[in-house]
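For reference, the structure is listed below as structure tokens.
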Protein chains: 2
Amino acid sequence: MISMKTELETSRELSGQIADAIRDAIVDGSLLVDQRLPSEAELSDKFNVSRPTVREALKRLAAQNLIRTQRGATGGAFVNRLSFEQAYGQQITTSTLLLSMNTVSFDVACEARYAMERACAPLSAARRTPDHLATMRAEIHRQSQPGLTDEAFCASDVAFHRALVDGAGNPVLSYQLAGAVEAMQPLMNMITFTARSREQIVTLHTRIADAIENGQSADADAALIELTNYTLDLGKNVMSRHQKPAPSQ
Amino acid sequence: MISMKTELETSRELSGQIADAIRDAIVDGSLLVDQRLPSEAELSDKFNVSRPTVREALKRLAAQNLIRTQRGATGGAFVNRLSFEQAYGQQITTSTLLLSMNTVSFDVACEARYAMERACAPLSAARRTPDHLATMRAEIHRQSQPGLTDEAFCASDVAFHRALVDGAGNPVLSYQLAGAVEAMQPLMNMITFTARSREQIVTLHTRIADAIENGQSADADAALIELTNYTLDLGKNVMSRHQKPAPSQ
DNA sequence: ACACCTTTAAATGTCTGACAAATGATTTCT
DNA sequence: AGAAATCATTTGTCAGACATTTAAAGGTGT
């Protein structure tokens with residue numbers, strides 16, 4: 001028998017309370033990974049609500065990747081083992097919204113992103129595989145091509161930094177950075193990269209890749225600091241042109 | 001008129017596709033913060049589905065804090081300005097599940113956490129307010145009290161590191177770290193802190209607080225490295241006793 | 001006994017229609 | 001003009017039904 005709090009209040013909406021009760025049972029371990037939840041009919045009995053209400057609750061949980069559902073005879077809702085892929089997705093969506101809704105400024109996001117990248121660099125210098133290095137080199141080469149659109153340049157930039165972070169071999173760091181880096185792409189896309197600035201960035205990327213290749217984390221750190229300041233400079237111009245005044249609320 | 005992709009496939013479930021369409025409209029800016037979505041009746045017309053299906057889609061979005069709903073004459077679903085509070089909550093839930101479901105090991109989580117904390121330390125040394133410092137000192141004092149339960153010691157540990165991170169004055173870093181630090185608490189709670197190990201941790205915390213107070217970020221970094229290794233050691237013993245063999249999948 | 005097809009049952013997915021409850025706007029009355 | 005009653009709109013909830021998917025059980029022929 002699955003224990004679960006079933007007493008509901010009258011204030012909040014029922015589907016929210018039911019979702020919370022089930023979520024708590026998952027988080028505190030009452031429901032284990034891959035375990036099947038009671039059927040919708042059973043849940044509506046247990047909570048004394050209708051099936052549509054139960055379904056709304058289950059959809060809330062599905063949106064957070066806490067459960068997955070399967071149709072058919074042996075189907076039902078199952079506690080989902082959260083994968084990094086799914087966590088990435090949530091992280092990117094959330095971070096993107098935090099930025100796009102002007103909850104945080106470009107400067108703050110930029111500082112956070114590079115601070116965390118610098119935390120990855122020493123680990124990456126020690127552990128990166130030849131594959132990570134090859135990706136970094138390839139992206140640097142792509143960034144040197146003339147005629148690249150700003151969007152393509154940005155995408156390549158993200159891929160480069162992604163390889164740098166993944167080189168650390170720590171999926172939690174990759175997960176955290178995925179949000180910070182990818183979320184900034186829309187803002188970075190607003191930047192016009194002149195030939196001069198691209199050259200500067202490629203130079204810094206090359207220094208970083210060299211440092212990572214040779215295990216010289218101090219060099220990587222120094223280059224990342226320069227890159228931080230340079231990006232902040234580029235962003236300053238963009239923001240002064242696009243940034244709306246502080247939101248009223 | 002609100003533009004939104006309304007053609008649906010037959011493969012996936014409808015509520016998921018509708019949720020995605022609306023979410024895309026929010027993320028790419030077609031729907032602005034505080035803007036009202038069409039009513040459930042209008043949406044069910046637009047997408048050619050029933051109202052319960054629309055409602056399931058809206059609940060999915062509400063679970064991600066993308067919208068909020070209001071009843072009444074001028075009510076409806078409104079695009080929600082994502083707050084840091086809400087983002088914290090999501091981040092902590094996700095990170096906690098990633099850890100508790102054995103998707104990542106203690107070592108990996110620990111490394112990621114302290115790597116990011118080290119990224120915060122220099123910023124905190126430069127910007128922390130007297131308030132942050134006072135919190136750190138108070139928590140150190142609490143940790144020195146004899147008779148503290150392991151859980152209370154852990155909670156104080158979290159509060160100490162929280163103050164350290166918040167001292168950096170960068171809400172994005174605080175947001176990222178909130179997940180990493182709080183998510184580790186259940187694992188840390190499994191550790192038995194002997195008087196000897198508490199003393200060691202308090203000593204390191206004091207070194208960190210001193211360094212932050214005097215703006216000596218190198219000292220803080222060194223102490224954090226020691227704390228990382230010490231925590232990994234403590235965890236090693238716990239894991240050898242509790243850790244199940246690697247998950248099959 | 002084995003392989004193949006059919007049936008069946010259980011579960012989620014979707015629809016229809018209805019009522020309850022909340023809430024701002026409107027109207028009416030004083 | 002102001003207060004109270006009414007109304008209209010919208011979300012929240014319920015009941016019941018049918019469609020679709022899926023695996024397992026059962027039957028059939030060789």
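Order of the sequence lines sets the chain letters (A, B, ...), proteins ahead of strands, with each chain counted from 1. Please read all numbers here as calculations on a predicted model, not as lab measurements.
A close approach under 4.0 Å does not occur between any side-chain nitrogen or oxygen of A:Arg55 and OP1 or OP2 of C:dT12. Listed pair A:Thr53 / D:dC14 meets the phosphate criterion, a side-chain N or O lying under 4.0 Å from OP1 or OP2. Side-chain N/O atoms of B:Ser50 include one lying less than 4.0 angstrom from OP1 or OP2 on C:dC15.
Residues forming a side chain to side chain contact (heavy atoms under 4.5 Å, CB included) with B:Ala163 (at least two apart in sequence, or on another chain): B:Thr135, B:Met136.
Going from atom CD of A:Glu13 over to atom C1' of D:dC14 covers 16 Å, rounded to whole Å. Between the CD atom of B:Glu40 and the P atom of C:dT16 there is a distance of 15 Å, rounded to whole Å. Spacing between atom CZ of A:Arg12 and atom C1' of C:dA22 amounts to 18 Å, rounded to whole angstrom units.
Taken over five-pair windows at either terminus, the axes of the helix from C:dA1-D:dT30 to C:dT30-D:dA1 are inclined to one another by 20° (rounded to 10 degrees).
In this structure a side-chain-to-backbone donor-acceptor pair under 3.5 Å is present from A:Ser44 to A:Glu40. B:Asn170 places a side-chain N or O within 3.5 Å of a backbone atom of B:Val172 that can act as its donor or acceptor partner. In this structure, B:Arg36 contributes its side chain and B:Gly75 its backbone to a donor-acceptor pair below 3.5 Å. Not a single donor-acceptor pair under 3.5 Å links the side chain of A:Ser124 to the backbone N or O of A:Cys120.
Counting heavy atoms from C-beta outward, A:Thr94 and B:Asn65 have side chains that stay 4.5 Å or more apart.
With no hydrogens or angles considered, no side-chain donor-acceptor pair links A:Thr129 and A:Asp131 at under 3.5 Å.
Closest non-hydrogen pair, B:Ile92 versus B:Ala178, comes out as CG1-O, 3.9 Å.
For A:Arg51 and D:dG16, a side-chain-to-base donor-acceptor distance below 3.5 Å is absent, hydrogens and geometry of angles not being considered.
DNA chain D is contacted by B:Thr69, B:Gln70, B:Arg71, B:Gly72, B:Ala73 of residues 65-73 of chain B, taking any non-hydrogen atom closer than 4.0 Å.
Residue whose closest nucleotide on DNA chain D sits further toward the 5' end, between B:Ala77 and A:Val49: B:Ala77.
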